[in-house]
Amino acid sequence: MEQKIKQSEIDIGGNIRRIRLEKGYGQTELVRMLQLIDINMTRETLVKIERGIQHITGSQLRGIRDCLDTTYDELLK
């Protein structure tokens with residue numbers, strides 16, 4: 001089972017949402033991009049991650065970083 005990253009002190013979901021919007025991607029578009037690189041995620045999961053309701057896995061974070069062409073520093077600040 002893959003380790004989940006808690007969003008207690010760092011607003012990872014908020015950072016994902018901000019960067020996604022800056023890049024002009026919708027949630028559905030980002031989810032499709034993730035699925036193309038074999039990251040199992042639904043739009044509902046992305047919504048929960050962005051709202052901080054659901055923890056994110058390492059592979060999901062890596063996939064989002066790659067799809068949004070950003071850095072871990074930006075996602076974790």
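These figures come from a predicted structure and were not determined experimentally.
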Would you say the side chain of E74 lies within less than 4.5 Å of the side chain of N15, judging by non-hydrogen atoms?
no
d(L46 CG, R17 CZ) to nearest 0.5 Å is 10.0 Å
Nearest-0.5 Å distance that lies between atom CD in E29 and atom NZ in K23:
12.5 Å
Given the rule that I, L, V, M, F, W and Y join up when any side-chain heavy atoms are under 4.5 Å apart, are I64 and I10 in one cluster?
yes
Can you confirm whether more than 12 heavy atoms, excluding those of K4, are under 6.0 Å from its NZ atom?
no
Validation row: T57, L61 side chains within 4.5 angstrom (heavy atoms)
no
Linking I/L/V/M/F/W/Y whenever any side-chain heavy atoms sit under 4.5 Å apart, do Y72 and L34 land together?
yes
Kindly indicate whether the side chain of L68, heavy atoms from C-beta on, has any atom under 4.5 Å from the side chain of M33.
no
Got a salt bridge between E50 and R20, using NZ or NE/NH1/NH2 to carboxylate O under 4.0 Å?
yes
Taking the side chain as every heavy atom from C-beta outward, state whether I12 and H55 have any pair of such atoms under 4.5 Å apart.
no
Give a yes or no on this: more than 12 heavy atoms of other residues, nucleotides or ligands lie within 6.0 Å of atom CG of D66.
yes
Does I56 share a hydrophobic cluster with V47, counting links as ILVMFWY side-chain heavy atoms below 4.5 Å and allowing steps through other members?
no
Treating Ile, Leu, Val, Met, Phe, Trp and Tyr as nodes and any side-chain heavy-atom pair under 4.5 angstrom as an edge, say whether L21 and L30 lie in one connected cluster.
no
E22 atom CD, neighbour heavy-atom count above 12 within 6.0 Å:
yes
What distance do C67 atom SG and Q35 atom CD have between them, rounded to the nearest 0.5 Å?
10.5 Å
Shared hydrophobic cluster, I19 / I37 (ILVMFWY, side-chain heavy atoms < 4.5 Å):
yes
Is the shortest heavy-atom distance from the side chain of M41 to the side chain of Q60 under 4.5 Å?
yes
Crowded around R32 CZ? As in, over 12 foreign heavy atoms under 6.0 Å?
no
